[in-house]
Amino acid sequence: MKSVLSPIYKYVLLLSALAMGGTATAQELNCEVTVNTDQISGNKQVFETLQQAVSEYLNTTVFTNAQFAVNEKIECRLFLTVKEYADDMVKGDLQVQSLRPVYNSSYTTTLINFKDTKIEFLYRENEPLVYSLNNMESQLTAILNFYAFLILAVDFDSFSPQGGEPYYERLKQIVQMAQSSGETGWKAFEDTKNRNSVLSAYIEQPGAAMRDMLYRYHRQGLDMMATSPDKGRAAITESLGAVEAVYKAAPMSVALSMFKDAKLDELVNVYSKAPADERGKVYNLLEPIYPTEQEKLERIRKGAEQQ
């Protein structure tokens, strides 16, 4: 488990790098990549090459000017399930996860746990993956760049208010370039959970409130729980108002399902020893939003002593 030198460590490093004119850089991600081919038949050697190429791309490309210590790289995972493969065209799903250390503890919290079901790209064995800041080199690198910068944006938002702003700007550029290519997964009205929708969920109202929630939930909430559990939990409870606000304004927002997939299990643990009135407040807030998650919500309402 990696240590945490400071709860705002990465943000301070980013500011330091920018102050030095962007000359101090280091690779930011520690990404585990898996390519699963159980659903297809035939020669699968190309996918071993693909897995290695994607891993090298994400773990060697320098995406930002921020200076990361080796043990402060962002832990993340990409799990590609290949469902179809013909004429060099790969189709499938991509599960994206990113983790964040919690201050003064060995605990890591999930920031992103999202499945992209619109994965389609051409890949020829041993084809180089080239990173470009201003051009779309391929559909595959565009997808990888999108999730690399989303991981960075959400991570930095969790350490400082709106700290991920430079990376949301990069995400806008990536989406705009990809939309002009006509490739699947990027179109504005194609799907409520495609990559364009994910970006919109963070940068457009009402979903932009989720970015402020990231800071309150993690920096003012989880990071405080080691020294003051009640104070940290109270901040988390307050931060959940952003989830309710998004639901009331846009009940189909992908931000809501992304929050559930990343945080609902954690919330069960956070409130296991909370007072009954606090558990009831959280249950009443979340139950209309996630009616199909009644079992987990009941565990929040009842607390540890009644389970």
Side-chain angles (χ1 to χ4, degrees), residues 1 75 77 79 81 93 95-117 154 157-158 192-193 197-198 201-202 206-307:
M1 195 72 66
E75 302 287 340
R77 305 183 186 114
F79 191 94
T81 299
D93 297 338
Q95 189 78 34
V96 181
Q97 297 178 325
S98 71
L99 305 173
R100 174 199 190 276
V102 173
Y103 188 52
N104 263 349
S105 79
S106 60
Y107 177 66
T108 56
T109 181
T110 301
L111 288 178
I112 298 172
N113 183 21
F114 177 70
K115 179 182 281 189
D116 187 329
T117 61
V154 171
D157 268 357
S158 77
T192 59
K193 293 185 178 181
S197 297
V198 169
Y202 283 100
M210 299 296 281
R211 291 186 57 192
D212 295 322
M213 182 275 296
L214 286 168
Y215 174 72
R216 297 200 302 272
Y217 184 109
H218 296 94
R219 180 66 194 98
Q220 297 179 330
L222 282 183
D223 281 346
M224 297 294 109
M225 291 194 70
T227 55
S228 180
D230 291 342
K231 182 179 179 181
R233 193 175 58 247
I236 291 173
T237 301
E238 182 182 357
S239 77
L240 296 179
V243 182
E244 183 179 40
V246 171
Y247 173 71
K248 289 180 177 179
M252 299 303 293
S253 172
V254 67
L256 297 173
S257 60
M258 291 180 72
F259 178 81
K260 171 180 69 69
D261 292 341
K263 293 301 182 184
L264 192 53
D265 287 335
E266 181 172 83
L267 289 173
V268 172
N269 294 326
V270 166
Y271 291 99
S272 63
K273 298 181 180 180
D277 59 341
E278 192 171 4
R279 297 197 309 268
K281 179 179 180 180
V282 173
Y283 173 86
N284 291 334
L285 186 152
L286 295 177
E287 196 278 333
I289 305 174
Y290 305 117
T292 62
E293 299 291 340
Q294 198 61 40
E295 181 181 350
K296 292 178 182 179
L297 295 176
E298 279 295 320
R299 290 169 63 193
I300 292 176
R301 186 178 67 84
K302 292 178 179 179
E305 68 276 8
Q306 298 184 46
Q307 297 178 28

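All heavy atoms count here, side chains included; hydrogens, waters and symmetry mates do not.
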Undergrad: Short question: side chain of Ser253, backbone of Ala250 - any donor-acceptor pair under 3.5 Å?
TA: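 Answer holds: no.
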Undergrad: Let me confirm one number: the NZ-NZ distance from Lys260 to Lys296, rounded to the nearest 0.5 Å.
TA: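 Going from NZ on Lys260 over to NZ on Lys296, the span is 7.0 Å.
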Undergrad: Going through the distances and angles, do Leu264 and Leu297 end up as a side-chain contact (heavy atoms from CB on, under 4.5 Å)?
TA: CA-CA 8 Å; Leu264 192 53; Leu297 295 176; 4.1 Å; yes
Undergrad: Is a side-chain donor-acceptor pair under 3.5 Å present for Tyr271 with Thr237?
TA: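 Side-chain D/A pair, Thr237 to Tyr271: present.
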Undergrad: Tell me the closest heavy-atom pair linking Ile112 and Thr110, and the distance in Å.
TA: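 Between these two residues, the closest heavy atoms are O-CG2, 3.4 Å.
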Undergrad: Please give me the minimum heavy-atom distance between Leu111 and Ala262, naming the atom from each residue.
TA: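 Taking Leu111 first and Ala262 second, the nearest heavy atoms are O-CB, 3.8 Å.
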Undergrad: Determine whether Glu266 and Thr109 satisfy the following criterion, side-chain hydrogen bond (donor to acceptor under 3.5 Å, both in side chains), listing intermediate values before the conclusion.
TA: CA-CA 8 Å; Glu266 181 172 83; Thr109 181; 2.6 Å; yes
Undergrad: Under a 4.5 Å cut-off applied to non-hydrogen side-chain atoms, are Met210 and Val246 in contact?
TA: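 Yes. Closest side-chain heavy atoms under 4.5 Å.
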Undergrad: Salt bridge (Lys or Arg N to Asp or Glu O under 4.0 Å) with Arg233: which residues, sequence neighbours excluded?
TA: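 Salt bridge (Lys or Arg N to Asp or Glu O under 4.0 Å) list for Arg233, sorted by chain: Asp230, Glu278.
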Undergrad: Once rounded to the nearest 0.5 Å, what's the spacing between atom OH of Tyr217 and atom CZ of Phe259?
TA: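 The distance works out to 5.5 Å.
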Undergrad: In residues 286-295, what donor-acceptor pairs under 3.5 Å come from side-chain atoms, sequence neighbours left out?
TA:
residue: Tyr290; atom: OH; partner: Leu256; partner atom: O; Å: 2.7
residue: Gln294; atom: NE2; partner: Tyr283; partner atom: OH; Å: 2.6
residue: Gln294; atom: NE2; partner: Glu298; partner atom: OE2; Å: 3.3

Undergrad: Under 4.5 Å between any side-chain heavy atoms of Met225 and Lys231, yes or no?
TA: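 No, their side chains stay 4.5 Å or more apart.
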Undergrad: Working note: Asp157 + Arg100, criterion salt bridge (Lys or Arg N to Asp or Glu O under 4.0 Å); need CA distance, chi angles, decisive distance, verdict.
TA: CA-CA 11 Å; Asp157 268 357; Arg100 174 199 190 276; over 6 Å; no
Undergrad: Evaluate the side-chain proximity of Met252 to Thr192: yes if any heavy-atom separation is below 4.5 Å, no if none is.
TA: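 No. Closest side-chain heavy atoms not under 4.5 Å.
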Undergrad: Go through it in stages, so that I can follow the logic: the residues are Arg77 and Leu99, the test is side-chain contact (heavy atoms from CB on, under 4.5 Å), and I'd like the CA-CA distance, side-chain angles, deciding distance and then a yes or no.
TA: CA-CA 9 Å; Arg77 305 183 186 114; Leu99 305 173; 3.8 Å; yes
Undergrad: Looking at residues at least two apart in the chain, or sitting in another chain, which of them share a salt bridge (Lys or Arg N to Asp or Glu O under 4.0 Å) with Asp261?
TA: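 Listed in chain order: nothing, the list is empty.
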Undergrad: For the residue pair Arg279 and Arg301, establish whether any side-chain heavy-atom pair is separated by less than 4.5 Å.
TA: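 No, their side chains stay 4.5 Å or more apart.
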Undergrad: How long is the gap from CE on Met213 to CG on Leu240, to the nearest 0.5 Å?
TA: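 Reported value, rounded in 0.5 Å steps: 7.5 Å.
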Undergrad: Do Leu214 and Tyr202 come within less than 4.5 Å of each other through their side chains, counting heavy atoms only?
TA: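 The answer is yes, as the side chains (C-beta and beyond) meet within the 4.5 Å cut-off.
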Undergrad: Which distance, rounded to the nearest 0.5 Å, do you find between the CG of Leu222 and the CZ of Arg216?
TA: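 Going from CG on Leu222 over to CZ on Arg216, the span is 13.5 Å.
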Undergrad: Within the 4.5 Å heavy-atom criterion, are Val96 and Asp116 side-chain neighbours or not?
TA: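 SC-SC contact between Val96 and Asp116 ruled out.
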Undergrad: How far apart are the closest heavy atoms of Pro101 and Thr108, and which atoms are they?
TA: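 Reported closest heavy-atom pair: CA-CG2, 4.2 Å.
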Undergrad: Please round to the nearest 0.5 Å and tell me the distance separating atom NZ of Lys193 and atom CZ of Phe114.
TA: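 These two atoms lie 7.5 Å from each other.
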